[in-house]
2 protein chains.
Amino acid sequence: MDAPQFADAGVREAVVTQLLARFGARASRAQALREHHSHGQNVTDAGLPDVVVFPHTTEEVAEIARLCHDARMPMVPFGAGSSLEGHVAAVHGGVSIDLTQMAQVLEVDADALDCRVQAGVTRVQLNNAVRGQGLFFPIDPGADATLGGMTATRASGTAAVRYGTMRDAVLGLTVVTADGRVVRTGTRARKTAAGLDLTRLFVGSEGILGFITEIQLRLWGLPETVEAAVCQFPDVASAVQVVISALQMGVPLARIELLDDVQMQACIAYSRLDEFRPLPTLFIEFHGSPAAVREQVETLEGLAADAGGSGFTWAARPEDRTRLWKARHEVTWANFAFRPGHAMIGTDACVPISRLAQCIAETGEDVARSGLAAPLAGHVGDGNFHLGILYDPASPGERAKAEALAEAVALRAIRLGGTCTGEHGIGRHRIHQLEAEHPEGIVLMRALKHALDPRGVMNPGKMVMA
Amino acid sequence: MDAPQFADAGVREAVVTQLLARFGARASRAQALREHHSHGQNVTDAGLPDVVVFPHTTEEVAEIARLCHDARMPMVPFGAGSSLEGHVAAVHGGVSIDLTQMAQVLEVDADALDCRVQAGVTRVQLNNAVRGQGLFFPIDPGADATLGGMTATRASGTAAVRYGTMRDAVLGLTVVTADGRVVRTGTRARKTAAGLDLTRLFVGSEGILGFITEIQLRLWGLPETVEAAVCQFPDVASAVQVVISALQMGVPLARIELLDDVQMQACIAYSRLDEFRPLPTLFIEFHGSPAAVREQVETLEGLAADAGGSGFTWAARPEDRTRLWKARHEVTWANFAFRPGHAMIGTDACVPISRLAQCIAETGEDVARSGLAAPLAGHVGDGNFHLGILYDPASPGERAKAEALAEAVALRAIRLGGTCTGEHGIGRHRIHQLEAEHPEGIVLMRALKHALDPRGVMNPGKMVMA
């Protein structure tokens, strides 16, 4: 497939002028706004768009797409900007389409346990909108991302072990194709055998196939009881064995997170978790009826004791629970405080849980050899863990070491039957890892991309081609 | 897109000769064998293949595909032959590739709760292979289908309310493309954000994109306790309300099946369920620890009592449970015994559960107007139900009435935000319904089909084109 040919400077200028005229205050080429839209959380991936537009409806997105497609102008969908893999950088310039003003919760059906939202609604906003009806949306990647962005990256996070990922939570979508057609995928039915699974094709498509403008989502009833506990272990393998046993027994854990000794050291200092020691630690959350939660707790306590774990430290009060999960979500800041002035590269390996202890042990040897600090936190129930590899950006040797370490982690995950990215996505910098993981599959992915976006205008430079 | 041009008679003959020479006793043009491979369970959809081949390996499938692709010879994957929608009919002739001799369970990992199987392994065979390790595979469409066929139709059945469908159970695939390339999709990781979701694209693809030759599947630990119960209701709406409430409360029901009064009448007679009355009935199964099951039962009994249901009739002994679920799986035969000599058309509507009672009530009015018998059985937790519309094949008026009724059911499901097919698939006769349900989506589906099979040789005449 040839590299796409994009609009030249004159055509770009004409498109920008047309968008400014059409969208008024909802289109802008102000430098600060364009810079804000040039990157996600990882600033090294910046790419400046020519203009930023804020549509309010699916039809407006379609109108922008038709204009840009005709002009061969690159289009980059933008949400909360919390992407970690450079998904939103306008690396070939073009139009950044910011969907955050499409922020309406369109419909909630408590009996069907579903809702329909515009793509710019964030997960916290949705939870605030449905809590009064006894409902919640559990998928929690940490950041208060938009649901459109979470759909586009197939996000998951801490509660996936119980509630699944965006792949599972999305029932259907409204998408706008590269050439501006509006397509409804899926239905409100819980399952369907009606044709190719367009919904799942767009979930995780990182903006390269089209825009996601509306999302039909599953909801869940708020659990009657929520309890959280912390348990510490002499080593990672013991902690992982507890999780394996619990999953085999079908214990419906709501969250189970692993933090290694280094991560705990960073978190104890940053989030003042003074009651804990710098040891491998599980943060666990239980959801259910009081009796069900009691039984889950007893089972886990038994398994932990067998594995040499400490007793459970309880976070029974909501404020204690909040403090605990806040600490979990603050690991990034804890890491920066742990090595002030350092930069960080995050990894996202995900392996079969039977290989997780081995994977973490071998990774630990790599880390030790590198001489870098690399705290580990992970969604252990899914076999997914993140290293926060800290390096001194002033030292060119350290950056290269950090990148080599990150690469080794991704390739090891692939070798152990897993994936280079459990939840962050491919974006800009994992394209070669995707090729390593799916050498034949990427050829099919490129064929699908070409079938739905033959001009290559949708989020170019991402996932399947540089 | 133009209709594909297939090999002429001379080329077909040459391909058949080549396959007979290459595969020896594992290729045949015997009339009886070809007739067996001309249809699934619905004989009216027959289409005779020119030859039947039984490959043993992915590489052999790829070899057949390369030969047929070069010759523009249609290829039709064949499994247990339990398809209800004409998926396996060789409507343009060609090669029927029977995968049932690819029946090895390749790997089972009890710690990771997953396995890898060849496509011809059936679900009963898999369960027999893993039970000794305390594991099971819960997805149960009734028939002892092959796991390849179940993947290709996105099968689900009675346990989907708890364990999901094949969409959820498949971690990764080995597929052979139309032109004979071997592609591994997915990984063994529980979740992935690595590129477009090729796995979900092939799950439910009904053989139109390529062959599924190996499947990486999730497994579950055998539940400690299994209990089953039956509860009868004055009307369908009361039964549905119990299910809605249970799902809102997060009760992890393992199976919950609705049979209407007519269906119960047929089942009581056929399966000798003499202890029951011909009333709308829920068949329920509970899985979990003894305490968890006890709690689920108490919750359901409370909800049922509030809704005017009878007390629970228990099937505590395994043989009673087997008898109960056998009766559920025998509804088709019960229906034929209910109207001896009649033929049957099955429907497969699936709607948001909040619309299910309305959908069934309106459907009941259609049935009454038609004058036909049409027992109803369904996977009520998913909003999915089947009518078995019985008609006298000797009466042309009755067949037309039955078809009109089936069509009305499918279109009503679409109107109520659902789908024309929850689990049977599109196959031959629902193409126009797929167009009604996804008028823009089918254009994308055709583009994807063309991208992966530009010659149109994979299972032609199905899903996206006649």
Side-chain angles (χ1 to χ4, degrees), chain A residues 109 111-114 153-154 156 160 165 168 181 183 185 187-198 200-201 204-205 221 223 244 247-250 289 291-292 295 350-354 382-383 417-426 434 437-438 440-441 444-445 447-448 451-452 463, chain B residues 109 111-114 153-154 156 160 165 168 181 183 185 187-198 200-201 204-205 221 223 244 247-250 289 291-292 295 350-354 382-383 417-426 434 437-438 440-441 444-445 447-448 451-452 463:
Chain A
D109 183 338
D111 279 352
L113 291 171
D114 75 353
T153 51
R154 207 181 289 124
S156 45
T165 74
D168 311 297
R181 285 171 288 157
V183 180
T185 76
T187 69
R188 289 185 58 203
R190 271 307 149 104
K191 62 182 194 183
T192 170
L196 300 178
D197 193 344
L198 296 177
R200 247 52 57 183
L201 185 64
S205 62
I244 289 175
L247 294 175
Q248 283 175 328
M249 294 171 73
S289 67
E295 190 183 31
C350 189
V351 297
I353 194 169
S354 59
D382 307 315
T419 176
C420 62
T421 176
E423 54 184 17
H424 293 170
I426 298 298
L434 181 62
E437 186 174 319
H438 295 292
E440 317 93 0
L444 265 55
M445 292 181 203
L448 299 172
L452 298 194
M463 190 198 295
Chain B
D109 183 338
D111 279 352
L113 292 170
D114 75 352
T153 53
R154 206 181 290 125
S156 44
T165 74
D168 311 299
R181 285 171 288 156
V183 179
T185 77
T187 69
R188 289 184 59 202
R190 272 306 150 103
K191 63 180 194 184
T192 170
L196 300 178
D197 194 344
L198 296 176
R200 248 52 58 183
L201 184 65
S205 62
I244 289 175
L247 294 175
Q248 283 175 327
M249 294 171 72
S289 67
E295 189 183 33
C350 189
V351 296
I353 194 169
S354 59
D382 307 315
T419 176
C420 62
T421 176
E423 55 184 17
H424 294 170
I426 298 297
L434 181 61
E437 188 174 317
H438 295 291
E440 316 93 359
L444 264 54
M445 292 180 202
L448 299 173
L452 297 194
M463 192 199 294

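Chain letters run A, B, ... following the sequence lines, proteins first, then strands; residues in each count from 1. The shown structure was predicted, so the numbers you read here are calculated from the model rather than taken from an experiment.
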Specify which of G221(A), G383(A), S354(A), G441(A) makes the most heavy-atom pairs with chain B at under 4.5 Å.
-> S354(A)
Heavy atoms only, distances under 4.5 angstrom: which of P352(A), A160(A), S289(A), A292(A) has the most pairs with chain B? Name it, please.
-> P352(A)
Highest number of heavy-atom pairs under 4.5 Å with chain B: which of G417(A), S205(A), S156(A)?
-> G417(A)
Using non-hydrogen atoms and a 4.5 Å limit, figure out which bit of D382(B) sits close to chain A: side chain, backbone, both or neither.
-> both
Do H438(A) and T187(B) have side-chain heavy atoms sitting under 4.5 Å apart?
-> yes
Relative to chain A, which segment of T153(B) carries a heavy atom at a distance below 4.5 Å: side chain, backbone, both, or neither?
-> backbone
Atom group of Q248(B) that falls short of 4.5 Å from chain A, counting heavy atoms | both
Partner chain B: residue of G204(A), A291(A), G250(A) with the largest heavy-atom pair count (under 4.5 Å) | A291(A)
Among G422(B), G418(B), A112(B), single out the residue with the greatest number of heavy-atom pairs under 4.5 Å to chain A.
-> G422(B)
Check whether T165(B) gets within reach of chain A through its side chain, its backbone, both or neither, counting any heavy atom under 4.5 Å.
-> side chain
Residue list, side chain to side chain donor-acceptor pair (under 3.5 Å) with R200(A), at least two apart or on another chain | D197(A)
Given a strict heavy-atom distance threshold of 4.5 Å, which part of L452(B) is in contact with chain A: side chain, backbone, both, or neither?
-> side chain
Looking only at D168(A), D109(A), L196(A), V183(A), the option with the highest number of non-hydrogen pairs under 4.5 Å against chain B is L196(A)
From the list T192(B), T419(B), D114(B), the residue making the most non-hydrogen contacts under 4.5 Å with chain A is T192(B)
Flag the one option from G195(B), C420(B), A451(B) with the top tally of heavy-atom pairs under 4.5 Å to chain A.
-> G195(B)
What part of L113(B) is in contact with chain A, defined as an atom under 4.5 angstrom from a non-hydrogen atom: side chain, backbone, both or neither?
-> side chain
Name the region of I426(B), side chain, backbone, both or neither, that has any atom closer than 4.5 Å to a heavy atom of chain A.
-> both
So what's closer than 4.5 Å to chain B heavy atoms on E437(A): side chain, backbone, both or neither?
-> side chain
Distance, nearest 0.5 Å, that separates OG1 of T185(A) from CG of L201(A) | 9.5 Å
Looking only at atom types and distance, does a side-chain atom of R154(A) sit under 3.5 Å from a main-chain N or O of G425(A), one as donor and one as acceptor?
-> no
What part of M249(B) gets closer than 4.5 Å to chain A, counting heavy atoms only: side chain, backbone, both or neither?
-> neither
So which of M445(B), E423(B), K191(B), R181(B) has the largest heavy-atom pair count under 4.5 angstrom toward chain A?
-> K191(B)
Sequence neighbours excluded, which residues qualify as ring pair (Phe, Tyr, Trp, His ring centres under 6.0 Å) partners of H424(B)?
-> H386(B)
Engaged part of L198(A) at the chain B interface, taking heavy atoms whose separation is under 4.5 Å = side chain
Using a cut-off of under 4.5 Å for heavy-atom pairs, which of L444(B), L247(B), I353(B), V351(B) has the most such pairs with chain A?
-> L444(B)
Counting only heavy atoms closer than 4.5 Å, note whether E295(B) contacts chain A via side chain, backbone, both or neither.
-> side chain
